[in-house]
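Below, chain A is the first sequence line, B the second, and so on; all start at residue 1. Please read these numbers as outputs of a predicted model, since none were measured by experiment.
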2 protein chains.
Amino acid sequence: MNDPIPLDLVRLRRSCAECSLQQLCLPAGIEGDDLRRLEDVVQRRRPLEAGDRLFRVGDALQSVFVASEGTIKTVGISEAGEEHVLGFHLPGELFGLDAIGTGYHRCEAIALGKARVCELPFNELAVVAAQLPSLQRQLLRVMGQSSDRDQDHLDVLTRRQASERIALFLQGLSQRYRRIGQPGDEFQLPMSREEIARHLGLAVETVSRSFSRLHEEGVIAVRGRWVHIIDVAGLNAAASGCEVEAKRVEVVRAEKARSPR
Amino acid sequence: MNDPIPLDLVRLRRSCAECSLQQLCLPAGIEGDDLRRLEDVVQRRRPLEAGDRLFRVGDALQSVFVASEGTIKTVGISEAGEEHVLGFHLPGELFGLDAIGTGYHRCEAIALGKARVCELPFNELAVVAAQLPSLQRQLLRVMGQSSDRDQDHLDVLTRRQASERIALFLQGLSQRYRRIGQPGDEFQLPMSREEIARHLGLAVETVSRSFSRLHEEGVIAVRGRWVHIIDVAGLNAAASGCEVEAKRVEVVRAEKARSPR
DNA sequence: CGTCGACTTGACTAAAATCAAACCCGGTGG
DNA sequence: CCACCGGGTTTGATTTTAGTCAAGTCGACG
C-alpha cells in the first residue's frame with residue numbers, strides 16, 4: 001500500500017557482507033575484493049507481497065534469485081492447465097535455474113507471503129564467475145544444492161504411501177529451517193494444504209488426513225499451519241514406511257481401552 | 001572377455017570433432033583451439049558391459065560423464081534399501097552432476113547393456129571452463145538441460161494415472177531418440193519393465209498392464225522390449241489423461257461387437 | 001454476528017498394489 | 001532335436017489405498 005518505511009530501505013541496501021545468510025548463500029567462502037565484485041551484481045529488491053510473481057512460464061532468462069526473507073514457490077503448469085508446485089524456496093536458497101537449459105523459464109515463481117529476494121542478473125553473474133574461480137566454484141556448488149533439493153523432491157514423489165511423503169516433507173522442511181538458524185522442531189508452514197498437496201502429488205484431503213494421523217499417533221502436533229515435531233524417531237519411521245503400522249495398532253488399542261465397545 | 005578389437009581402439013581415440021554427437025553434446029558451438037582444449041579434458045573409456053558401475057553412492061566427485069553409446073541408468077537408494085531409477089541417459093546426455101552440491105555422489109550409475117561413455121574430470125573441466133567463456137556457457141547450458149530432464153521426470157511422477165506416466169515416458173524417450181537421429185516411432189527399450197516401474201514409481205504389473213492397454217487401444221504396438229508408436233495423437237491424449245476414456249469405451253464397444261455375450 | 005475461505009472429516013468409489021499363477025522365449029543340456 | 005529350465009513378462013483375482021464427492025468445522029476479518 002504505502003512506500004517501504006526507512007528501515008526497509010536500510011535493509012534493502014544491506015550488503016552481502018552484512019547478510020545473516022552469508023555463510024549459506026552464494027558469498028560463502030568468498031572474501032575481500034571478490035565479495036565486493038559479487039555484491040555489484042546482486043540487486044536487492046523491494047519487498048514482495050503474497051502472490052507477487054518474479055517470473056512466468058516462457059519469460060526469457062534474466063536473473064536467478066535467492067530468497068532472503070519469506071518463502072517463494074515455483075509452480076509448473078501442465079498442458080492441461082494443472083499447476084504443480086515444484087519447490088518451496090526458503091531464505092538462502094537459489095531458484096530460477098530452470099531457464100538455464102533453454103534460456104526460457106519453464107515455471108513461475110510466486111511469493112507465498114511477504115517476502116524478499118536478491119536478484120542476480122544471470123549474464124553479469126556468469127561474467128564475474130568466469131573471472132573469479134572462487135565464485136565459479138561456489139556458483140556450481142549452490143546450483144548443485146538446488147538440484148539436490150529437486151532430487152529430494154523426486155525421492156519423496158516415488159514413495160507410494162501418502163504418509164511417507166508427508167513425513168519426508170516435514171523432515172526436509174525441518175532440516176532446512178535448522179540450516180537457517182530457526183527451530184527445526186516447531187514452525188509455521190508458509191504454504192497451504194492445497195500447495196502441499198500439489199507439491200507431493202496428493203489430494204488435499206489426503207494431506208489433511210495424513211497430518212491428522214501423525215497427530216493422533218503423537219508423532220507431531222498440528223494446528224492449522226503451526227507444526228511441532230514431537231517424536232523425531234517416529235517421524236523417521238513414518239518416512240521410511242515401516243513401524244508406522246505398529247504405532248497405529250497401538251493407538252487403536254488405546255482407543256479401544258478408552259471407549260470399550 | 002577378450003581385449004577390445006582394433007576397431008574399438010580407433011573409436012576410443014576418436015576426437016570430439018569427429019563425434020557424431022558433437023552438435024548435441026558439450027562441444028556444440030565450440031570451435032578451433034577451444035575445442036582442442038576441451039578434447040584434452042575428455043577421456044574416452046573402454047566399453048562397458050551390462051551392469052558395470054561408473055560410480056556408487058558416497059563416491060567423491062571425480063568426473064561427470066556423457067553417454068556416447070548405449071544407455072546408462074542412475075539409481076538412488078533409499079534408507080530402506082529400495083532402489084529407484086532416477087534417470088536413463090542416452091547418447092549425448094550428461095550425468096553425474098548429482099555430486100556437485102555436496103562433492104559426493106548421491107546415486108550410482110550402471111550400464112544397461114553394452115555401452116560407452118566419455119569421462120570429464122570435473123576439476124579440469126571447471127578450470128578450462130573458467131578460461132573459455134564459450135565452454136562455460138555451454139557447460140551451464142548442458143547442466144541446465146540435465147536439470148530439464150529431471151524436471152520432466154518430476155512432471156511425470158506427479159501424474160496420478162499410471163497410463164499417463166507410461167505415455168509421457170514413451171513420448172519423452174521418443175523425442176530423445178529423434179534428437180540423436182534415431183527413429184522416434186520405433187525402438188528397442190534398453191531397460192526392463194522392472195526398471196521402468198522403479199523409474200515411474202509404479203509396480204511392475206501396473207507398467208505391464210498399461211503397455212497392454214495402450215496396445216489394445218491401437219496407440220502403440222509392443223512386443224517385449226520392442227515398441228512401435230502408431231498413433232501419436234492417441235499417445236498425446238493418453239499423456240494428458242483425457243480422451244483415453246473415450247478410446248477405451250470405443251475398444252470395449254468393438255469387443256462386444258466381436259463377441260456378443 | 002455473519003461470511004468466506006481454508007481445513008477437516010466421513011462415506012463411497014476408483015485405481016493401483018499385492019498375491020498368485022501362467023506364459024513366452026532364449027539358452028542349456030540330455 | 002527336443003525337453004527343460006529360469007528370467008522377465010503378462011494376466012487374473014483380491015485387497016489396500018488414495019481420490020472423489022459432500023458435509024461439516026474452524027478461524028480470521030469485516
What's the closest nucleotide to the B:Q161 side chain, out of D:dT11, C:dA16, C:dT8? C:dA16
Can you measure A:E195 atom CD to C:dC7 atom P for me and round it to whole angstrom units? 8 Å
Tell me: NE2 of A:H215 to P of D:dC26, nearest whole Å? 14 Å
Does OP1 or OP2 of C:dC7 have a side-chain N or O of A:R225 closer than 4.0 Å? yes
Name the nucleic acid region contacted by B:E205, choosing base, sugar-phosphate or nothing; use a 4.0 angstrom heavy-atom cut-off, strictly under. base
Would you kindly give the CH2-to-P distance between B:W226 and D:dT9, to the nearest whole Å? 16 Å
Can you tell me how far C1' of D:dA18 sits from CG of A:L157, to the nearest Å? 15 Å
Looking at A:S212 and A:S208, would you say the former's side chain and the latter's main chain have a donor-acceptor pair under 3.5 Å? yes
Closest nucleotide among D:dA18, C:dT9, C:dC7 to the A:A162 side chain: D:dA18
Tell me: CG of A:L214 to C1' of C:dT8, nearest whole Å? 15 Å
So, does A:H84 use its side chain to make a donor-acceptor pair with the main chain of B:R159 at under 3.5 Å? no
Could you state the atom-to-atom distance from CZ of A:F211 to P of C:dA6 in whole Å? 16 Å
By the 4.0 Å heavy-atom rule, please label B:S208 as base, sugar-phosphate, or nothing. base
Within the distance-only criterion (no hydrogens, no angle test), does the side chain of A:R193 pair as donor or acceptor with the backbone N or O of A:G224 below 3.5 angstrom? yes
Donor/acceptor link under 3.5 angstrom from A:R209 side chain onto base of D:dT20: yes
Would you please confirm or rule out a distance under 4.0 Å between OP1 or OP2 of C:dA15 and any side-chain N or O of B:R160? no
Grab the CZ-C1' distance between B:R198 and C:dA17 for me, whole Å please. 16 Å
Between the side chain of A:H153 and the main-chain N/O of A:L86, is any donor-acceptor distance below 3.5 Å? yes
So, is B:T206 near the phosphate of C:dA15, with a side-chain N or O under 4.0 Å from OP1 or OP2? no
Whole angstrom is fine here: how far is it from CD in A:E216 over to C1' in C:dT9? 11 Å
A:E194/A:R198 ion pair, N-O < 4.0 Å: yes
